[in-house]
Amino acid sequence: MPDALLNNRDARRLFLHRHQLLCRETGSGKGADLSGVLTDLGFVQVDSVNTLARAHDFILWSRRSRYQPEALNKLIASERNAFEHWTHDAAIIPMQFFPMWRLKFARDEARMKQRWSSWRRDGWASQFEEILSHVEKHGPTTSSDVRGDTPASSGGWWNWHPSKTALEFLWRSGRLAISHREGFRKFYDLTERVIPEPFQRSQMHEAEIIDWAMSASMDRLGFATHGELAAFFDIATREEAKQWCIEAKAAGRLVELDVEMADGSLRRCYSTQALLNSVSDLPEPSSRVRVLSPFDPALRDRARAEKLFGFYYRIEIFVPAPKRQYGYYVFPVMQGDRLIGRIDAKREDKKLVITAFWPEQNIKMGKNRIAALQTELERIASFLKLTELSYLPDWLRN
């Protein structure tokens, strides 16, 4: 029998509070404040699509409306308070987590050696020493710097030039680090020249790293299955996460509970007593409408979001245009603790163009809610330094 029951309303609010989406924001969105946001979230995903703004910038702006991308660039490239690596995908991660990533470096290296030999073009594995020597001699290096006169491939990641594959391998395995970006172009340097020495020197045993990864994931999710805990940072395996949960529950560190989903069903999860005790003190949600990145940490786990909020969402970038239900890159929209719809919006020169907004079933778009949505769009235009909002005819799809 479970130790507790968490109703859907409280579950949504606990989860959103852990993701800094429940309340009105405060903070400068730069320096120590920005570093604190990144630490509280655990990471922000990096993505190349730039319909409005890069995913990492939009995620951080959603929590701090005073945020500007230059602040994150400074945090990474100058202050060295964050680094780039992988969770489930490419991400920006607090620098204090670097020692815990050593296990991921080792596991990623073993995985890449096993899989990339059959997936990638031949020749990349023989270039490690040459590339390391080039980086040591010349400093921050891009893939084009080591490609020579060979044209860039027009194929996908499986058809990368061998030198680019070698760079990525050396980065993923921890021997190189991303020094900075210019636009979206990555510059690689020796890890010892990028990561501050105290974090390089710090060492942790495998069991300590797994314990940290599970505890830190739980702190950010509020409640979770062992599979969700494993997937959050993607450091521990599902089997390791399962065993950790069993042992942590036996030791009194975790409680088992049923969490009510949006459809009224119950889902067995784990949490901590401290997290559950915090529910009674959660503030009422802000009435602000928020347009979220499709890669927002609160929505990254599509299955969890669908169960918890009753919100089905998929990116349709790779769906042929005639078969798309909504659009190429449609943004989820939240108000309070509910996902109320999705919006097709894009930047065109100095104009923010709103093609369509689709409210969720049972969401009524009265004057106040429409006004709140338009206020959010005005905030986005200001963030992007756009001078005009343009609403296409019939943009509100009731």
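Every heavy atom of this structure was used, including side-chain atoms; hydrogens, water molecules and symmetry mates were not.
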Distance from [X] atom [atom1] to [Y] atom [atom2], nearest 0.5 Å?
X: E348; Y: L386; atom1: CD; atom2: CG; value: 10.5 Å
X: C23; Y: L16; atom1: SG; atom2: CG; value: 10.0 Å
X: N8; Y: D263; atom1: CG; atom2: CG; value: 8.5 Å
X: E306; Y: D301; atom1: CD; atom2: CG; value: 10.5 Å

Test side-chain contact (heavy atoms from CB on, under 4.5 Å) applied to E109 and L170, step by step: CA-CA 9 Å; E109 179 171 355; L170 291 167; over 6 Å; no
side-chain contact (heavy atoms from CB on, under 4.5 Å) between E256 and S271, worked out: CA-CA 6 Å; E256 204 167 9; S271 188; over 6 Å; no
Would [X] and [Y] count as a close aromatic pair, with their ring centres under 6.0 Å?
X: Y313; Y: Y326; answer: no
X: F331; Y: Y329; answer: yes
X: H88; Y: F232; answer: no

Side-chain ion pair, [X] and [Y], N-O less than 4.0 Å:
X: K30; Y: E70; value: no
X: R304; Y: E228; value: yes
X: R290; Y: E376; value: no
X: R63; Y: D33; value: no
X: D337; Y: R9; value: no
X: R80; Y: E197; value: no
X: E182; Y: R185; value: yes
X: E168; Y: R172; value: no
X: R267; Y: E260; value: no
X: E206; Y: R107; value: yes

Do you see a donor-acceptor pair shorter than 3.5 Å between the side chains of [X] and [Y]?
X: Q335; Y: R369; result: yes
X: Q20; Y: D40; result: yes
X: Y67; Y: D57; result: yes
X: E247; Y: Q243; result: yes

State, with a plain yes or no, whether a side-chain heavy atom of [X] is found less than 4.5 Å away from one of [Y].
X: M218; Y: Y270; value: yes
X: E136; Y: L190; value: yes
X: D145; Y: H138; value: no
X: E240; Y: T237; value: yes
X: V291; Y: R379; value: no
X: M100; Y: E208; value: no

same_hphob_cluster([X], [Y]) at 4.5 Å side-chain heavy-atom cutoff:
X: I92; Y: Y188; value: no
X: L308; Y: L266; value: no
X: V319; Y: F295; value: no
X: M95; Y: V37; value: yes
X: F184; Y: F43; value: yes

Pair L14-S278, side-chain contact (heavy atoms from CB on, under 4.5 Å): steps then yes or no: CA-CA 8 Å; L14 176 59; S278 73; 3.9 Å; yes
Can you give me the closest heavy-atom contact between [X] and [Y], atom names plus distance?
X: D108; Y: H85; result: OD2-CE1, 3.9 Å
X: I315; Y: P294; result: CD1-CB, 3.7 Å
X: A177; Y: T191; result: N-OG1, 3.6 Å

side-chain hydrogen bond (donor to acceptor under 3.5 Å, both in side chains) between Q68 and K74, worked out: CA-CA 11 Å; Q68 290 295 320; K74 184 178 180 181; over 6 Å; no
Pair S48-R54, side-chain hydrogen bond (donor to acceptor under 3.5 Å, both in side chains): steps then yes or no: CA-CA 6 Å; S48 61; R54 304 287 188 192; 5.3 Å; no
From T141, L132, V194, D189, residue fulfilling side chain to side chain contact (heavy atoms under 4.5 Å, CB included) relative to L176: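 In the set T141, L132, V194, D189, the residue that makes a side chain to side chain contact (heavy atoms under 4.5 Å, CB included) with L176 is L132.
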V353, I354, L352 screened by side chain to side chain contact (heavy atoms under 4.5 Å, CB included) with Y391, the one that passes: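 Filter result, single survivor: I354.
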Audit row: D234, W86, side-chain hydrogen bond (donor to acceptor under 3.5 Å, both in side chains) steps and yes/no: CA-CA 8 Å; D234 196 28; W86 277 63; over 6 Å; no
Aromatic ring pairing [X]/[Y], orientation class (parallel under 30°, perpendicular over 60°, tilted between):
X: F383; Y: F58; result: tilted
X: H180; Y: F187; result: parallel
X: F233; Y: W212; result: parallel

Pairs flagged by salt bridge (charged side-chain N to carboxylate O under 4.0 Å, His left out) wherever residues 357-366 is involved - sequence neighbours left out: R342-E360
Verdict with reasoning, R181 to V46, per side-chain contact (heavy atoms from CB on, under 4.5 Å): CA-CA 12 Å; R181 288 182 184 256; V46 177; 3.8 Å; yes
Intermediate values then yes/no, side-chain hydrogen bond (donor to acceptor under 3.5 Å, both in side chains), Q374 and E378: CA-CA 6 Å; Q374 292 175 328; E378 290 168 5; over 6 Å; no
cation_pi(R175, W101) dist<6.0 Å, angle<=45: no
Residues that F223 engages under ring-ring contact (aromatic ring centres under 6.0 Å, His included), provided they are two or more places apart: none
